[in-house]
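Structure first, then comments.
Below, chains carry the letters A, B, ... as their sequence lines are ordered, and counting in each starts from 1.
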Amino acid sequence: MSSDRKIVALVDCNNFYVSCERVFNPKLDGKPTVVLSNNDGCVISRSDEAKLIGIEMGVPIFKCQELVEKHKIQVLSSNYVLYGDMSHRVMKTLSIFCPEIEIYSIDEAFLSFSGMDPEEINNYCRLITKTVLKWVGIPISIGIGPTKTLAKVANKIAKKNKRATGGVFNLTDHPDIDKVLENMEVGGIWGIGRQYSKFLKKNGVMNALQLRDSPDEWLHKNLTVVGMRTALELRGVSCIELEIMQKNKKAIGRSRSFGTDLFTLDELNQAVSTFVTMAGEYLRKQKSLAAGIHVFVISNPFKEGPRYFNSVSINLPRPTALVSELINYALQGLKTIFREGVKYKKAGILLFGLVPDDITQLDFFLPSYPGSKEKKLMEVLDIINTKYGRNTVYPLSNGVERKWKMRQLKKSPSYTTNWTEIPEVKT
DNA sequence: TCTGGGGTCCTAGGACCC
DNA sequence: TCTGGGGTCCTAGGACCC
């Protein structure tokens with residue numbers, strides 16, 4: 001009877017970026033440590049010690065200078081190549097324990113345990129936790145429940161009470177679920193962000209229990225179907241399915257804040273050209289073509305001088321993944337939104353209208369990109385850059401000087417190589 | 001000179017996630 | 001001095017068609 005019950009687990013890496021750094025630099029263990037966003041701007045990952053001191057998530061680091069000095073907080077630039085590789089190792093290990101896995105983000109995954117005995121699941125999850133720590137060096141927490149949203153709630157509890165729960169908490173058949181939900185602040189629920197939280201509290205809905213028991217019609221009217229789904233999931237009705245197949249992206253964007261403000265079209269051309277190159281690599285990796293490209297520029301909002309934001313969308317005459325073609329249109333677009341005298345702080349591009357690259361003939365009159373000489377050229381380019389490292393070969397328009405590039409003063413070295421050897425599973 | 005209703009598609013903007 | 005980046009989904013409203 002209970003064998004086909006839906007049970008889902010959410011695995012979440014604890015303080016992921018900090019934990020990655022600690023694997024390769026054990027001196028950081030036990031010390032308050034934070035990792036910064038690009039350009040060494042904001043705090044995006046904090047060790048438990050740093051949280052305790054009162055470093056808030058997302059705070060600009062220059063505002064914490066006093067605390068940093070007083071408590072000797074270790075401050076690191078982000079190293080996304082390292083985190084990506086560690087993420088891959090974690091996910092690979094998880095998938096050995098449970099092949100029905102949805103990789104939800106760089107540090108989170110949903111696992112399906114449908115049909116398993118809830119008692120067994122807890123022990124199994126403890127084994128997973130132990131194994132990931134041993135093999136990869138990353139501590140994780142696991143929340144379990146009949147829906148994704150309840151698994152998220154359970155995960156928060158597991159993480160908050162590591163001692164008592166051992167990092168594993170199960171809400172399936174929990175005898176006192178109302179109490180648990182009552183203790184969960186409404187803004188802490190998956191799917192309830194800042195705006196909805198504000199609205200709900202204004203209307204007396206303070207916690208997860210009250211949200212769960214709100215009338216459907218009211219929820220739908222004020223929070224759209226999204227909010228209604230969340231409430232249903234809190235009731236144990238599964239509305240958000242596991243997505244085990246990796247889906248192709250529907251849009252691919254690349255953007256950066258610059259290390260220093262830019263003034264000239266030339267400099268912006270180089271930056272935009274580089275963003276298109278990066279997005280193009282990803283586009284071809286997922287075997288897609290782009291039918292449109294969006295370009296935007298932003299002036300520095302924290303400085304004196306004219307505020308400026310502008311963007312332009314271009315529909316391409318044919319879907320393509322050819323980097324020279326994409327850059328060409330992007331730069332044409334950029335030219336139309338460029339203004340003299342603006343201090344540019346950030347720019348970016350978005351490839352949209354993505355279609356599979358194996359559709360045969362798109363337009364009777366235009367030579368199609370797939371199967372062409374140009375496609376071969378791109379394949380060679382990607383192979384070289386994969387083999388010999390990024391930017392071994394790149395379009396000249398990207399520039400060599402790279403005045404726009406990011407500040408990253410405290411970045412850790414590139415420690416990892418390919419993780420090919422999987423240890424044996426011992427149970 | 002005056003004028004319906006319904007369907008579909010597209011886009012911008014706002015909400016959310018990590 | 002110094003304030004991240006990359007996504008998704010939903011809705012409302014306008015354009016267009018019959």
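Look at NZ on Lys343(A): it is 13 Å from C1' on dT1(C), rounded to the nearest Å. Remark: P of dG7(C) and CG of Asp107(A) are 17 Å apart, rounded to the nearest angstrom. Taking atom CD of Glu108(A) as the reference point, atom C1' of dG7(C) lies 14 Å away to the nearest angstrom. Atom CG in Leu211(A) sits roughly 13 Å away from atom P in dC16(B) (whole-Å rounding). dT8(C) atom P lies 13 Å from atom CD of Glu102(A), rounded to whole Å. Whole-Å rounding puts the Met228(A) CE to dC16(B) P distance at 18 Å.
Taking the side chain of Cys42(A) as heavy atoms from C-beta on, and the options dC18(B), dT3(C), dG5(C), the nearest nucleotide is dT3(C). Considering only the side chain of Arg229(A), dC10(C) comes nearest among dC16(B), dG5(C), dC10(C). Out of dG5(C), dT3(C), dG7(C), the shortest distance to the side chain of Pro60(A) is found at dT3(C). Here dT3(C) is the nucleotide among dC17(B), dC16(B), dT3(C) with the atom lying nearest to any side-chain atom of Lys345(A). The listed nucleotides are dT8(C), dC18(B), dG5(C); the one nearest the side chain of Arg256(A) is dG5(C). Across dC9(C), dG4(C), dC18(B), the shortest atom-to-atom separation from the side chain of Asn38(A) is found for dG4(C). Checked against dG7(C), dT3(C), dC18(B), the side chain of Lys63(A) finds its nearest nucleotide in dT3(C).
Rounded to the nearest 0.5 angstrom, Thr224(A) OG1 and Leu219(A) CG are separated by 10.0 Å. Note: Ser114(A) OG to Lys6(A) NZ = 6.5 Å, rounded to the nearest 0.5 Å.
Among the heavy atoms of the strands lying under 4.0 Å from Ile189(A) are primed sugar atoms or P, OP1, OP2 only; no base atom is included. Note on Ile252(A): only backbone sugar-phosphate atoms sit closer than 4.0 angstrom, heavy atoms only; bases stay farther off. Residue Asp40(A) is classed as having no contact, given no heavy-atom separation below 4.0 Å to the nucleic acid. At a threshold of 4.0 angstrom between heavy atoms, the contacts of Gln65(A) with the nucleic acid are absent. Residue Ile106(A) is classed as having no contact, given no heavy-atom separation below 4.0 Å to the nucleic acid. At a threshold of 4.0 angstrom between heavy atoms, the contacts of Val225(A) are confined to the sugar-phosphate backbone, with no base atom among them.
A donor-acceptor distance shorter than 3.5 angstrom exists from the side chain of Asn207(A) to the backbone of Leu209(A), with no hydrogens or angles considered. Distance alone, capped at 3.5 Å, is enough to place a donor-acceptor pair between the Lys148(A) side chain and the Glu241(A) backbone.
Evaluated for a side chain to side chain contact (heavy atoms under 4.5 Å, CB included) with Tyr17(A), the options Leu82(A), Ile44(A), Thr33(A) yield exactly one hit, Ile44(A). Remark: of the listed residues Lys375(A), Met378(A), Arg284(A), Met378(A) is the sole one forming a side chain to side chain contact (heavy atoms under 4.5 Å, CB included) with Leu322(A).
The pair Glu185(A)-Lys156(A) does not meet the salt-bridge criterion, since no charged nitrogen lies less than 4.0 angstrom from a carboxylate oxygen.
Mapping Ala251(A) and Asn300(A) onto DNA chain C by nearest heavy atom places Asn300(A) at the nucleotide closer to the 5' end. Comparing Asn248(A) and Lys346(A), the nucleotide of DNA chain C nearest to each residue sits closer to the 5' end for Lys346(A).
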query: Can you check salt bridge (charged side-chain N to carboxylate O under 4.0 Å, His left out) on Glu374(A) and Arg318(A), steps first, answer last?
result: CA-CA 14 Å; Glu374(A) 297 147 342; Arg318(A) 63 166 187 179; 3.2 Å; yes
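Other residues, nucleotides and ligands place no more than 12 heavy atoms under 6.0 Å from the NZ atom of Lys221(A).
If you check the side chains of Asp12(A) and Ser141(A), you find no donor sitting under 3.5 Å from an acceptor.
To the nearest whole angstrom, the two C1' atoms, one in dG4(B) and one in dC16(C), are 15 Å apart. Taking the P atom of each, dC18(C) and dT3(B) are spaced 23 Å apart, rounded to whole Å.
At dT8(C), none of the side-chain N or O atoms of Lys247(A) fall inside 4.0 Å of OP1 or OP2 (strictly under the cut-off). Checking the phosphate oxygens (OP1, OP2) of dG6(C), a side-chain nitrogen or oxygen of Ser255(A) falls inside 4.0 Å. Within the 4.0 Å cut-off from OP1 or OP2 of dG7(C), at least one side-chain nitrogen or oxygen of Arg254(A) is found.
In this structure, Tyr124(A) has its ring center under 6.0 Å from that of Phe97(A).
At a non-hydrogen distance threshold of 4.0 Å, Lys152(A) from residues 138-161 of chain A come into contact with DNA chain B.
With a 3.5 Å limit on both pairing distances and Watson-Crick or G-U wobble geometry required, the stems of 3 or more pairs in DNA chain C span B:5-18 with C:5-18.
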